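Beneath this line is the structure, given in structure tokens, with notes to follow.
Quick note on labels: first sequence line is chain A, next is B, and so on, each numbered from 1. The structure presented is a predicted model; accordingly, all values stated were derived computationally and were not measured. Quick note: numbers below take in every heavy atom, side chains included, and nothing from hydrogens, waters or symmetry partners.
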Protein chains: 2
Amino acid sequence: MSTPRPTIEDVARAAGVSRATVSRVINDEPGASEPLRARVRAAVAELGYLPNQTARALASGRPRAVDVVAVTYTPGLGWLGVHPYYSRVLAGVMSVLEGTDVHLRLHAVGASGATEALDTIAAQATVGAVLTNLEPAQAARFHRRCRRSVSMVTTAASVPSVEVDNAAGAYAAVEHLHRLGRRRIAAIHGPEASTCAVDRRAGYERAVRDLGLPDLGTPGGDFVREHGHDTAARLLQEHPGLDALFVSCDLMAAGAVQAITAAGRRVPGDVSIMGFDDSLAAVCANPPLSTMRVPVEDMAAAATRLLLGGDVPAGHRELFPVAPVLRQSTAAGRFT
Amino acid sequence: MSTPRPTIEDVARAAGVSRATVSRVINDEPGASEPLRARVRAAVAELGYLPNQTARALASGRPRAVDVVAVTYTPGLGWLGVHPYYSRVLAGVMSVLEGTDVHLRLHAVGASGATEALDTIAAQATVGAVLTNLEPAQAARFHRRCRRSVSMVTTAASVPSVEVDNAAGAYAAVEHLHRLGRRRIAAIHGPEASTCAVDRRAGYERAVRDLGLPDLGTPGGDFVREHGHDTAARLLQEHPGLDALFVSCDLMAAGAVQAITAAGRRVPGDVSIMGFDDSLAAVCANPPLSTMRVPVEDMAAAATRLLLGGDVPAGHRELFPVAPVLRQSTAAGRFT
DNA sequence: CTGAAAGCGCTAACAG
DNA sequence: CTGTTAGCGCTTTCAG
């Protein structure tokens, strides 16, 4: 099918040199005179030669791709297409891969049969893998088979990671709401299986305790808009006095705002809302959401640089700041 | 680094058979007796052998990856992390790749030097490429070097594609607003470089003409929230009588809703809004947006299946339906 | 500085 | 059925 592409052999013949020489030239390696280099380059241009990456990878055994792996807990298309987090990770990884000849491979593994799938990916990894949302046990196992991997979430101690202090972030969010004069601060939490969600919940709980406020937390649920919407609606009925909401992720928060305004309450007039992530959902919500920014792109970029750099010491940890980004959902006295 | 992984050779030795036999077994090919198969499988399990995909790809020459390519017109991280479209494409592609041993490679090429980068990708393609947003000329060139490619947007006639009738969709959206009794229907358009945007604009213009309404279109701009927000704000000042808005993409529409409610108008009470895409932005907006659904995931899945299927006849076209999805931003008489 | 030769790990004819 | 023999296209010693 299609014209068979010229190989390095063809170029060598056309330039009247050996394959080795062509290889040196196209790889900008020393050991080739300028005249020959010129001839080779001419041949390359004329034939439109482009090296076969597969062959190159096999022969050199050198890393050529970073693998981004995500576990999709929900069946079907899963989170990939639904949660902004993943695009941000990809954008971050791509930003450092641009200009490199390293590819980005994306893997979405379903929850069932995840172990086997992950093992295969680990075995295939070359430059290394960015683990977007593996549970600690999965990450540890993955890391055991592929040292060159880094997790984007808090995980097993051995696994290198880039992370944020979710608990501190949540604590700060609640404090901010408290500073605004809010005293009945409810919370919408994420899934128990997510260390991020667990830590954020812990931060919330510690904050309300320290501040002497009631714990108006709700059972954890998936990081999806619907959970935020439904939980907020329920919360409004159970705690009509509610004056603020801490939501564990912007996507859920976007749903929460909808439920709250639909119920006739004003945001931020009647209830202030702090989200978490600073994702697309935060800026698309109406009013736009104040949130705790998690610099996902930067983290993914850092993770990628780590992998590209070669060895990633086990247990290596890079902490990123979570900072408040204040938008309308907590604007003081705008609509009051 | 790390323990050198066992090769097929090691397995063969351990099982006391030839490499060929091992190959047959692990590929579930006929021509191996059950006893041998068992021995091989045992050896595989014991050694924890996992075939090297690179070597496999090189030896078989068989396709092993589909390439998803996006041109990022804006510098920096580009659209990838910002526009929901890309995640939807990835989710669609992944959904059909799951369970296959085919990988998904993601490429983001900057606008500058795009030609060269695209040529390289085309040369590297195996199963084929899904072109998410190439301009017709780029797509045509790409397709010339790699027949196994399909565009996700309307493009050069020669290039196979999966598409929707954007003009008809826009027309239908305007008609719907008209049916609601709206008569001053403004529009926020997308970038001139995008065939989608151009077609949607054409649909809008034809519709208002056919319906005898004024053309309240605005100059095209990037498919980003900010453009929607700012344009809507300006529109409100220039045409205070405005009672509806057709927005070329949900992300911009989400911005538009914000501007409109911030200006004190009610949605849909004072102005009804129809977006386009049915992306995350539509459901995160508040109120949720009525929109013309583009089944991006299905389209991406279809494109992938086409590639997996082998030959993709030049000029092949698959048309998908754009259907209205009605949410609150056009809810009749809810808040009036 | 250059070319010849030996693989990378696997698949794919081809003989037994 | 099974093993032997060639490569896939490139990098990489190792001689010259």
Under 4.0 angstrom between Ser60(B) side-chain N/O and dT11(C) OP1 or OP2: no
Atom-to-atom span, CZ of Arg13(B) to P of dG3(D) - whole angstrom: 14 Å
Below 4.0 Å: OP1/OP2 of dG9(D) and any side-chain N or O of Arg56(A): no
Among dG9(C), dT2(C), dC10(D), the one nearest Ala55(B) by side-chain distance: dG9(C)
Polar side-chain contact Arg19(B)-dT11(C) base: donor and acceptor under 3.5 Å: yes
Side-chain heavy atoms of His83(A) within contact of Phe223(A), under 4.5 Å: yes
Min side-chain heavy-atom separation Val312(A)-Arg147(A) under 4.5 Å: no
Touch class at under 4.0 angstrom, heavy-atom based, for Thr7(A) against every strand present: sugar-phosphate
Arg5(B) (side chain) and dG9(C) (base): donor-acceptor pair under 3.5 Å: no
pair His107(B)-Thr132(B): side-chain heavy atoms closer than 4.5 Å: no
N or O in side chain of Thr21(A) less than 4.0 angstrom from dC1(C) OP1/OP2: no
Touch class at under 4.0 angstrom, heavy-atom based, for Pro30(B) against every strand present: nothing
Sugar-phosphate, base or nothing in reach of Val17(A), heavy atoms under 4.0 Å: sugar-phosphate
